[in-house]
Amino acid sequence: MAQNKAQCNLKSTNIDTKIVSAIDNGVIVLDSELTIHLYNKWLEIYTHLKEEDVLGKKLTDIFPEIKEKTLKRKVKTALELNTPTFYTATTSHYLIPIKLNQIKNSFFSHMQQDVSIIPFDQEKKLVTLILTDQTNMANTNAILNAHVQKIKELNDQLLREKEITEMQHNQLLSSSRSAAMGEMLSMIAHQWRQPLSLITTLLANIKIKKELQTLHSQDIDHSFEKIDTTVAYLSETINDFRDYFKPNKIKSKINISELFNKSIFFLKDEMNQLNIKFHIQTDEDIEITTYKNELLQCLINIIKNSLDAFENSKKKKKQIIVETQYDNDYIIIIIQDNAGGINNNIIQKVFDPYFSTKSKNGTGLGLYMCRVILHEHLKGEINLSSKNNGTKVAIKLPKKI
Amino acid sequence: MQTLKLTEDEEDVLQELMNIAYGRATAVVADMLEAFASLSIPNITIVTTKELFKTFEVLKNASYFFSTQTFSGEFNGESAFFINEESAKNLASHLELESQDDLDDAILELTNVLTSSLITKLAQELETDVNFSLPNILKIPLEEMEDVATFQMYSQVIVIDTDLNFKDQKINGKIFILTKDESISWLKTKLNAILNQLI
């Protein structure tokens, strides 16, 4: 036992001195005038200065870049409070300039140091400075900060791009509306041609009869009556057109079969010309609550696509069938035609913006906008499939939004 | 988690000890700033972490520097020091500091002086030793302070609110001494020992 204790007692071997010399920290003993009283091995190695050359000299004379005022203040505070004071690598970077030439810590040219100033002997006014190499940590922090900065920049960029996309999206929405309006105008022009020519004929008749002096008052009455009805019809067309382009701000309850009739009202002239049969298979009294004009725009767009497809078709029995299915929460509208269908190669792209098969006549926004409106405004879904020489579009809508 | 509360008597003793410790800090700060300085009689309160966040709510209106320093030993915890931007500027101009790093360093020094003088004195009275780590400036926006998980580790917080006046300039700072339940329980025992001696 006694032998063991003697072996363990290393006091006689000057262990304190050995540790100070072997430790992986810089150790300096200073007095309050900053005169050096100890300079350990670690510092000798890093600063290329021998202890014997610096002892008794002022630390700030050896390293003139040290701010004397600050260091003196810290030493004094440590001695007076009898508690350590510090320099931290994060704010002060280093006290003793030690140049680095490292690949791994490339952010810094000098060793980053934490320095503790520990009161050592209050009577003799001595403090011990302990330097710890924090370059690795500081370098990791610097890399981290650089990355955080980069992430912030990327995030800002992303937000800006999102803003731009939203703006472009809104522009698309309004340009698709203008395009739809243009199409509607040409539909109205179609529908007006016949009633206008009827009015012209009636007026010409009256004129001829008057010149031939065969004009009877009942002829005039009869013609005026006809002109009256025709003008009323023209006026109704205009009202419908105007209603349709008034954006709906409020949801309303709409009858589905009325909605179908309205959508073919705009298109029936063209349907008649192309000899297309239009079948509506739905319960008379299904109602949903939604934005009416938006849904109407989608339906007209989809049916118009079928009409355009029939234009080049030589099929004899042309038909478009609209049917509905529903449960408690949803209604499904299915619109199918037998106009030849869509090629498998392009069916994936039909909802892409600016994709069109109608060469110069198409904007490529029709179905894209249908999907946007259905998804985002009407909280619904749209699906398109093609087989047996026909196209089938299914729209699923909540009964109430 | 059960939170330990200090009794009124225990709070009184602690306040008294803090006042003594604070007096000592004044002299050192005055010396550090090379000007006649006076610290206002500190307003000391003990609050729960929850209540502490309410204090942060008030601080959000101004821009603050926030630094922390941990202390270890039988009595252990962390001190947090807040100094508003205007006060920090006053400090910088008084010490003729040139860069942000110099200002950060001065704030850390102030943190260290205030924390260690308070805690050392307290430890002395409570007959224990403490060790201080390096202080640290945290750049966390106050809005995110509640998300700092470590705050949740602490149950009781000793809040010391003080004004530091020197010449015509004013520096206002707040120190929060954050302690865990085990330290509070230890503190209660020690405070009661002192109380018993007084009776």
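Sequence lines set the chain letters: A, B, ... in the order given, protein chains first and strands last, and positions in each chain run from 1.
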Is chain A contacted by the side chain of B/Leu134, its backbone, both, or neither, given a heavy-atom distance below 4.5 Å?
both
Looking only at non-hydrogen atoms, find the nearest pair between B/Pro135 and A/Phe86 and report the distance.
CD-CD1, 3.3 Å
Is a side-chain N or O of B/Asp105 found less than 3.5 angstrom from the main chain of A/Tyr87, in a donor-acceptor match?
no
Looking at every non-hydrogen atom in both residues, tell me the closest pair between A/Pro84 and B/Asn112 and how far apart they are.
O-ND2, 3.0 Å
For chain A, find which of B/Val130, B/Leu108, B/Asn131, B/Leu103 contributes the most heavy-atom pairs closer than 4.5 angstrom.
B/Leu108
Check whether A/Thr88 gets within reach of chain B through its side chain, its backbone, both or neither, counting any heavy atom under 4.5 Å.
both
Under 4.5 Å from any heavy atom of chain A, what part of B/Thr120 do you find: side chain, backbone, both or neither?
side chain
Contact origin within B/Ser133 toward chain A - heavy atom pairs under 4.5 Å
backbone
Within the structure provided, determine whether B/Val113 and A/Thr77 are in side-chain contact (heavy-atom separation under 4.5 Å).
yes
Rounded to the nearest 0.5 Å, the CG atom of A/Asn82 sits from the OG atom of B/Ser117 at a distance of 12.0 Å
Check each atom of B/Gln124 against the heavy atoms of chain A and say whether the ones under 4.5 Å are side chain, backbone, both or neither.
neither
Side chain, backbone, both or neither: which part of A/Thr85 has a non-hydrogen atom closer than 4.5 Å to chain B?
both
Quick one: what part of B/Asp102 sits under 4.5 Å from any heavy atom of chain A, side chain, backbone, both or neither?
side chain
B/Glu86 atom CD: more than 12 heavy-atom contacts under 6.0 Å
no
